[in-house]
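As structure tokens, the structure follows; a few thoughts come after it.
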Amino acid sequence: MGLRLFNTYGRTLEDFVPRTSGKVGFYGCGPTVYNFAHIGNLRAYVFEDTLVRALEYLGYDVTHVMNITDVGHLSGDDDTGEDKIVKTAQERHKSVLEVAQYYSDAFFKDSGRLNIKRPTIVCKATEHVGDMIELIKRLEAKGFTYMAAGNLYFDVAKFPDYGKMAMLKLEELQAGTRVELDQNKRNPFDFVLWFTKSKFEDQALQWDSPWGRGYPGWHIECSAMSMKYLGEQFDIHAGGIDHIQVHHTNEIAQSEAATGKQWVRYWLHNEFLIMDKGKMSKSSGNFLTLQTLVDAGYDPLDYRYFLLGGHYRSQLQFSYDALDSAKASRRSLNERVLSLRDNATPEGVRAPALPALSALAPAAIARLEAFKAAIEDDLSTPRALAELWGVLREQKLPAAHALAAAFDMDRVLGLGLAGQERKESGVDPALAAEIEELIAQRAAAKKAKDFSKADGIRNQLKERGVLLEDGPAGTSWKLA
RNA sequence: GGCGCCGUACCCAAGCGGUAAGGGAGAGGUCUGCAAAACCUUCAUGCAUCGGUUCGAUUCCGAUCGGCGCCUCCA
């Protein structure tokens, strides 16, 4: 049936057809590195990762470009705000680039822990200022810009389709109700392409440009870098839902004004993670990081599982109850995989031999087809997860077949199922031998009906973190 | 003030015109000296409320109540 994606541009579910058959150019808005990414931000990157994995699963060759916003940007729309990276740098007595590098590293560490694949190309704004200047020059040559009070603005009035994707009705919006308007603008929706006038004497990052020494406006980096690496027209652009109205609207305006062509075909936006009191906000300083969850005893993949349990276009309510549920689910999932793995692995062999997907039993094939249908239906990871559970619990399906199907599904889900190994396989052989000896003693005690001694041995091992489980085939043990 | 989204069992969460996926928790069972684990079974005549359209609505329309987002940097 083929992949269908919900395109914000038009607000409809559309069949996905790439510009070049078999290839996908994808640009995902990356982090602004002046602080740690919080778990709400991370939802966006897990979503982008799921999209990339799904495209690859469906056979596309994906070029995934992600930007790193390491140019400081003002917290306000005009010259009155604070530059967030500069502010952090001053507080930490570090250079702006040190701060950016530090949080960028932290970001990729979190990504790795969440099993997010590294994008094909990661590009820093500070290394592409020349490309931005070139793009702005094209806009200027075409008459889309004007200078006012030292800043170069994009003139929204010259771009008739402004706000089309966001379905903005300019005359109905009450711009300025919450924030004071920049008096230099001809139109409230005009935005800065290049700043030369900053209230900061010590603006750390400045570049020479035809409009004077200064630094680029926020939106231009995405237009310039995406076009550099993906061409003037490409397939998918994704980001958080908050970017629809301003950031992406402005990106579209400046990109299409410069080239005169449609820029991006499909726009995908993920909804927010919601806390009890509303969304998490980086600038408010009140947020949870992945490390907070790790410190509380959760595995980063517990959080990934939690995210996959909701559709990317629905708001998801975060709570520790829900995370506990995800954690328990994932533990059970891993236990199930391990148990199937044991069943599918012949004695004396380290890893099971899995059948080719084409050779799977009909029940497994049916699950895989349902899984693919779920993914193709606008990335329905909740339904995909249901199919994963389904195949793992399919009765009368040989273990190797269930595993092969589950591992295939996990190429999209990214839960690390294939990498699951029993922790016990890594213990010191001497300790293992000792445990086996105690188990033998306990077996003898049990046979002699000396249950208090048998239970004593079990409790003794339990205190050392070793759990005994009696089964039909004798006693097995595992680490707590 | 304008625009948009959402309200499904104890909890999280799919479905979005044809009679409620999945997970967690709970309950019962199999196994067991006990325990644990595992597995099996079970768990919404009903999808915020009230009207309407329809042969038929959780799904469409309207109203009401409640929650959230955007119009400001923001995932």
Side-chain N,O (A:Arg393) to OP1/OP2 (B:G22) below 4.0 Å: no
Where A:Ala374 and A:Ala384 come nearest, the two heavy atoms and their spacing: CB-N, 3.8 Å
Centroid-centroid under 6.0 Å between A:Phe191 and A:Tyr153 rings: no
Atom pair distance, as rounded to whole Å: CD in A:Gln245 and P in B:G2: 16 Å
A:Tyr298-A:Phe306 aromatic ring centre distance below 6.0 Å: no
Residue of the set A:Arg304, A:Arg113, A:Arg330 for which salt bridge (Lys or Arg N to Asp or Glu O under 4.0 Å) holds with A:Asp299: A:Arg330
Touch class at under 4.0 angstrom, heavy-atom based, for A:His311 against every strand present: sugar-phosphate
Atom-to-atom span, CG of A:Leu388 to C1' of B:A21 - whole angstrom: 14 Å
Sugar-phosphate, base or nothing in reach of A:Glu271, heavy atoms under 4.0 Å: base
RNA chain B base-pair string [pairs: Watson-Crick or G-U under 3.5 Å; |: paired with another strand]: (((((((..(((.....[...))).(((((.......))))).....(((((..]....))))))))))))....
Touch class at under 4.0 angstrom, heavy-atom based, for A:Ser339 against every strand present: nothing
Interatomic distance where CG belongs to A:Asn35 and C1' belongs to B:A75 [whole Å]: 14 Å
Rounded distance (Å) that lies between atom P of B:C12 and atom CZ of A:Phe306: 10 Å
Sugar-phosphate only, base, or nothing, as touched by A:Ser314 at under 4.0 Å among non-hydrogen atoms: sugar-phosphate
Nucleotide B:G4, atom P - distance to NE2 of A:His248 in whole Å: 21 Å
Ring-face cation contact, A:Phe108 with A:Arg118, 6.0 Å cut, 45° max: yes
Sugar-phosphate only, base, or nothing, as touched by A:Tyr45 at under 4.0 Å among non-hydrogen atoms: sugar-phosphate
Between B:A13 (C1') and A:Leu273 (CG): distance, integer Å: 14 Å
Nearest-Å distance for atom pair CG/C1', residues A:Asn270 and B:C68: 15 Å
Sugar-phosphate, base or nothing in reach of A:Ala44, heavy atoms under 4.0 Å: sugar-phosphate
Where do N or O atoms of nucleotides 32-36 of chain B meet protein N or O atoms at under 3.5 Å, pair by pair?
from	atom 1	to	atom 2	distance (Å)
B:G33	O6	A:Arg442	NH2	3.4
B:G33	N1	A:Asp455	OD1	3.0
B:G33	N2	A:Asp455	OD2	2.9
B:C34	O2	A:Arg458	NH2	2.7
B:C34	N3	A:Arg458	NH1	3.2
B:C34	N3	A:Arg458	NH2	3.0
B:C34	N4	A:Asp470	OD2	2.6
B:A35	N6	A:Asp470	O	3.4
B:A35	N1	A:Asp470	N	3.3
B:A35	N3	A:Arg458	NH1	2.9
B:A36	N1	A:Asp470	O	3.3

